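Taking it in order: structure first as structure tokens, then the write-up.
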Amino acid sequence: MAKSFDVVVIGGGPGGYAAAIKAAHLGMNVACIDMYINKEGKPALGGTCANVGCIPSKALLDSTWKFHEAQQDFAVHGIETTGVSMNVGAMIKRKDDIVRKQTDGVAMLLKANGVTWLQGRGKLLAGKQVEFTAHDGSTETLQAANVILASGSAPIKLPMAPLVDGVVVDNAGALEFQAVPKRLGVIGAGIIGLELGSVWNRLGSQVVVLEAMDTFLPMVDRQVGKELLKSLQKQGLDIRLAARVTGTSVANNEVTIEFTDANGEQKLVVDKLIVAVGRRPFTADLFTTDSGVNLDERGFIFVKDNCATDVPGVYAIGDIVRGPALAHKATEEGVMVAEIIGGHHAAVNYDCIPSVVYTHPEVAWVGKTEEQVKAAGEEYKVGTFAFAANGRAAAANETTGFVKVVADEKTDRVLGVHIVGPQASEIIMQAVIAMEFGASAEDLQMMVFAHPGLSEVFHEACLDVDGKAIHSAKRKRKK
Ligand code: FAD
Ligand code: AMP
């Protein structure tokens, strides 16, 4: 007889494992199937995020920023450093140790919550049955009252830039270079391309980023995008917009990249190439046609607002469904679905999901950009304030960037907050909380912010929405 579960989750990334834990909290009998095998050949939970995404990329970004500071920024504080060098092997090992701790931690949490971790591949069949194929090839059929599909995403491959082991790599390979490439190419100036390009640029690679579009980070507020582009260029990243890669070839451990730009056909030779042209939903062999699950026109699993698929009792969450490909979005969808299965009312507020680019300076935003509000014909007002005018930023020698607040002209409600600058990834959460509670710019103007603090820049930007910023010489009200 088939083993039966209240909930079978397929995928153990931040969406799937969070759903499994929440369902267990609610007293359900849960199995989580995950097929990931790490570079040591062992099954590991945590998905893309913990193994080859959010966590390892941030580990390398933190290590390399410390190196950059030691080399270039410490002197301003009077700290004299000579002969600072980077042991790349030690940096990669530290990253691996962090990844292992995170993935082991997820395994511990599943165990502690009584979730059955099934190591192998899951496939949804008709009638909410799930075929489980273990890594040794043995199969069994599980019966599920509810199924949560959480199989995540995979890097998009460019046919003209096929991966070549250790030389032309995707995001996973870019976390594994054992030495600093002298010349590094990156295809795609998306968040992943910019973060990974920054890592190696800080260690001395000459990095060229080729981006097909002529706009830099089009989803980001224009002023913020311009400021980030300027900062990254100052750090030495050679970012070429409107540069479309048309072919690559590898010979003698060098990659020749062919691309077209405004001047016609171009060639660039590099030692390593990172292909970072986006991610696609990973739905291969995930469900049979008679399971009843459908895809949308872009290849994502079709779901309604509450992540329900076309099959009652079957849900899909995270990178395999519409919306931003972000770990926290996947997690919140997982928790929501588990609550719905448990008979509770739950929803994700898609208008309040923060996004972050972990470059230096960081970029973070939530809600609508000024361009979006303008295009929608809404009446709005804007406040901005620069980190350069903030005492804490000056003390930290981190004066690049600003906070921008977009508010509704009539109701004063905050519609969006956009930050480029130090600790943007943390400051943005104040905006998320404010927007979740429907705050107006005035609500935030009236709050007391600790001094001296980087968050005062957010406060002053809220004041500037009505031309009231205290530490600003120009008090003219702006649109
Ligand atoms: P995943 O994390 O992709 O997990 C899916 C899991 O399901 C995987 O383990 C996979 O092996 C398994 N699986 C797939 N099919 C099956 C099957 N049939 N049977 C069993 N198992 C299966 N997001 C952020 O929010 N912040 C960041 O800073 C950030 N940085 C990133 C940096 C990089 C380099 C990359 C690549 C991504 C980054 N992301 C970041 C995105 C983030 O990693 C994803 O949005 C997130 O992991 C999606 O979670 P998920 O649970 O939907 O899927
Ligand atoms: P994202 O989807 O945000 O990760 O960004 C990926 C980026 O890669 C997008 O901005 C694409 O425009 C870019 N891109 C895709 N194909 C190519 C190509 N052939 N040459 C250069 N850039 C590309």
Side-chain angles (χ1 to χ4, degrees), residues 9-19 32-38 43-58 60-61 103 118-124 130-133 148-156 158-161 170-172 174-175 186-196 199 209-219 240-248 257 259-261 274-287 316-321 323-331 333-334 353-358 425:
V9 184
I10 303 182
Y17 81 71
C32 181
I33 307 176
D34 190 273
M35 67 181 191
Y36 189 80
I37 297 284
N38 66 16
L45 288 161
T48 302
C49 168
N51 287 287
V52 288
C54 321
I55 301 301
S57 61
K58 265 81 260 178
L60 296 188
L61 280 160
T103 57
L118 297 172
Q119 300 169 357
R121 185 180 263 275
K123 183 175 187 172
L124 177 69
V130 175
E131 180 187 80
F132 165 59
T133 307
I148 304 175
L149 303 173
S151 53
S153 61
I156 292 177
L158 274 186
M160 70 292 248
D170 60 12
N171 61 277
L175 302 166
V186 180
I187 311 180
I191 297 179
I192 294 174
L194 294 175
E195 289 184 1
L196 295 173
V199 162
V209 184
L210 299 169
E211 168 55 56
M213 283 188 292
D214 56 6
T215 309
F216 180 66
L217 289 179
M219 67 291 203
R240 305 194 196 168
L241 301 177
R244 175 174 291 278
V245 173
T246 52
T248 58
I257 310 168
F259 64 98
T260 53
D261 65 11
I274 301 172
V275 182
V277 293
R279 298 182 64 83
R280 61 176 173 80
F282 187 67
T283 54
D285 215 22
L286 179 65
F287 55 91
I317 58 169
D319 282 9
I320 43 160
V321 302
L326 293 169
H328 43 285
K329 177 257 192 188
T331 298
E333 287 182 336
I353 297 179
S355 295
V356 179
V357 189
Y358 292 85
S425 57

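All values reported here derive from a predicted model rather than from experimental measurement. In each ligand, atom 1 is the first atom listed, and ligand 1 is the first ligand listed.
- Each of the atoms 2 (O), 43 (O), 47 (O) of ligand 1 lies under 4.0 Å from some heavy atom of Cys49.
- For the pair Lys123 and ligand 1, no heavy-atom separation below 4.0 Å is found.
- Using a 4.0 Å cut-off to heavy atoms of Gly152, the atoms of ligand 1 that qualify are 1 (P), 3 (O), 5 (C), 52 (O), 53 (O).
- Residue contacts with ligand 1 for Ser57 involve side-chain atoms from C-beta outward but no N, CA, C or O (heavy atoms, distance under 4.0 Å).
- Here the closest non-hydrogen pair linking Asp214 and Leu241 is O-CD1, 3.6 Å.
- By the 3.5 Å distance cut-off applied to N or O atoms, Ala325 is counted among the residues near ligand 1.
- Here the side chain of Asn38 pairs no donor or acceptor atom with the backbone of Pro43 at under 3.5 angstrom.
- Under the 4.0 angstrom criterion for non-hydrogen atoms, Gly120 is in contact with ligand 1.
- Looking at heavy atoms from C-beta onward, Arg121 lies out of side-chain contact with Ile33 at the 4.5 angstrom threshold.
- Atoms of ligand 1 found under 4.0 Å from any heavy atom of Ile10 (numbered from 1 in listed order, with element): 17 (C), 18 (N), 19 (N), 20 (C).
- Nearest-heavy-atom check against atom 5 (C) of ligand 1 across Cys32, Ala284, Ala150 picks out Ala150.
- At distances below 3.5 Å, at least one donor-acceptor pair connects side-chain atoms of Asp34 with backbone N or O atoms of Gly12.
- Protein heavy atom at the shortest distance from atom 36 (C) of ligand 1 is Asn171 ND2, 3.3 Å.
- For atom 28 (O) of ligand 1, the closest non-hydrogen atom on the protein side is Lys58 NZ, 2.7 Å.
- Shown in contact with Leu326 at under 4.0 Å from a heavy atom are these atoms of ligand 1, numbered in order with element: 23 (N), 24 (C), 25 (O), 45 (O).
- Under the side chain to side chain contact (heavy atoms under 4.5 Å, CB included) criterion, Ala316 pairs with Leu149, Ile301, Val303, Thr309, Ile320, Val321, sequence neighbours left out.
- Between Asp170, Asp34, Thr48, it is Asp34 that holds the heavy atom closest to atom 9 (O) of ligand 1.
- The closest protein non-hydrogen atom to atom 7 (O) of ligand 1 is Gly11 CA, 3.2 Å.
- No donor-acceptor pair under 3.5 Å is formed between the side chain of Thr103 and the backbone N or O of Ala44.
- Partners of Thr283 under the side-chain hydrogen bond (donor to acceptor under 3.5 Å, both in side chains) rule, at least two apart in sequence or in another chain, do not exist in this structure.
- Proximity to Tyr358 (heavy-atom distance under 4.0 Å) selects the following atoms of ligand 1: 28 (O).
- The shortest contact between atom 15 (N) of ligand 1 and any protein heavy atom is with Ser151 CB, 3.2 Å.
- When atom types are taken as modelled, the side chain of His328 and the backbone of Ser355 share no donor-acceptor pair closer than 3.5 angstrom.
- Inter-residue side-chain proximity for Tyr358 and Leu61 is flagged as met; some heavy-atom pair is nearer than 4.5 Å.
- The pair Arg244-Glu211 fails the salt-bridge criterion, with no side-chain N (NZ, NE, NH1 or NH2) lying under 4.0 Å from an Asp/Glu carboxylate O.
- Within the 3.5 Å criterion, the main-chain N or O of Leu210 finds no donor-acceptor partner in the side chain of Arg240.
- Among residues two or more places apart in sequence or in another chain, the salt bridge (Lys or Arg N to Asp or Glu O under 4.0 Å) test is passed with Asp285 by Lys123.
- For atom 32 (C) of ligand 1, the closest non-hydrogen atom of the protein is Gly53 C, 3.4 Å.
- Relative to atom 19 (N) of ligand 1, the option among Ala316, Cys54, Gly16, Gly122 with the closest non-hydrogen atom is Gly122.
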Name each N or O atom in ligand 2 that is under 3.5 Å from a protein N or O, and give the partner atom and the distance.
| residue | atom | partner | partner atom | Å |
| --- | --- | --- | --- | --- |
| ligand 2 | 10 (O) | Glu211 | OE1 | 2.7 |
| ligand 2 | 10 (O) | Glu211 | OE2 | 3.0 |
| ligand 2 | 12 (O) | Glu211 | OE2 | 2.6 |
| ligand 2 | 19 (N) | Val245 | O | 3.3 |
| ligand 2 | 20 (N) | Val245 | N | 3.0 |
| ligand 2 | 22 (N) | Ala212 | N | 3.0 |

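- Nearest non-hydrogen protein atom to atom 25 (O) of ligand 1 is Ala327 N, 2.8 Å.
- Set against the non-hydrogen atoms of Ala330, the atoms of ligand 1 under 4.0 Å away are 49 (O), 52 (O).
- Residue-level proximity to ligand 1 for Val52 is carried by the backbone, the only part with a heavy atom below 4.0 angstrom.
- Nearest to atom 45 (O) of ligand 1 among the protein's heavy atoms is Asp319 OD1, 2.9 Å.
- Counting atoms of ligand 1 from 1 in the listed order, those under 4.0 Å from a heavy atom of Tyr36 are 9 (O), 11 (O).
- Near Gly15, with a cut-off below 4.0 Å to any heavy atom, the atoms of ligand 1 are 51 (O).
- Nearest to atom 21 (N) of ligand 1 among the protein's heavy atoms is Met35 N, 3.2 Å.
- Distance alone, capped at 3.5 Å, is enough to place a donor-acceptor pair between the Thr331 side chain and the Pro14 backbone.
- At a heavy-atom cutoff of 4.0 Å, ligand 1 is contacted by no atom of Pro155, backbone or side chain.
- Not a single heavy atom of Leu45 sits under 4.0 Å from any atom of ligand 1.
- Contacts between Arg279 and ligand 1 below 4.0 angstrom, taking non-hydrogen atoms only, involve the side chain exclusively.
- Counting only heavy atoms from C-beta outward, the side chains of Asn51 and Tyr36 approach each other to under 4.5 Å.
- Closest heavy-atom approach to atom 49 (O) of ligand 1 within the set Pro14, Gly13, Gly318: this belongs to Pro14.
- With a 4.0 Å cut-off on non-hydrogen atoms, Leu286 touches ligand 1 through its side chain and not its backbone.
- Of the possible donor and acceptor atoms, one in the side chain of Lys329 sits under 3.5 Å from a partner among the backbone N and O of Gly318.
- Between Leu326 and Ile353 the shortest side-chain heavy-atom distance falls below 4.5 Å.
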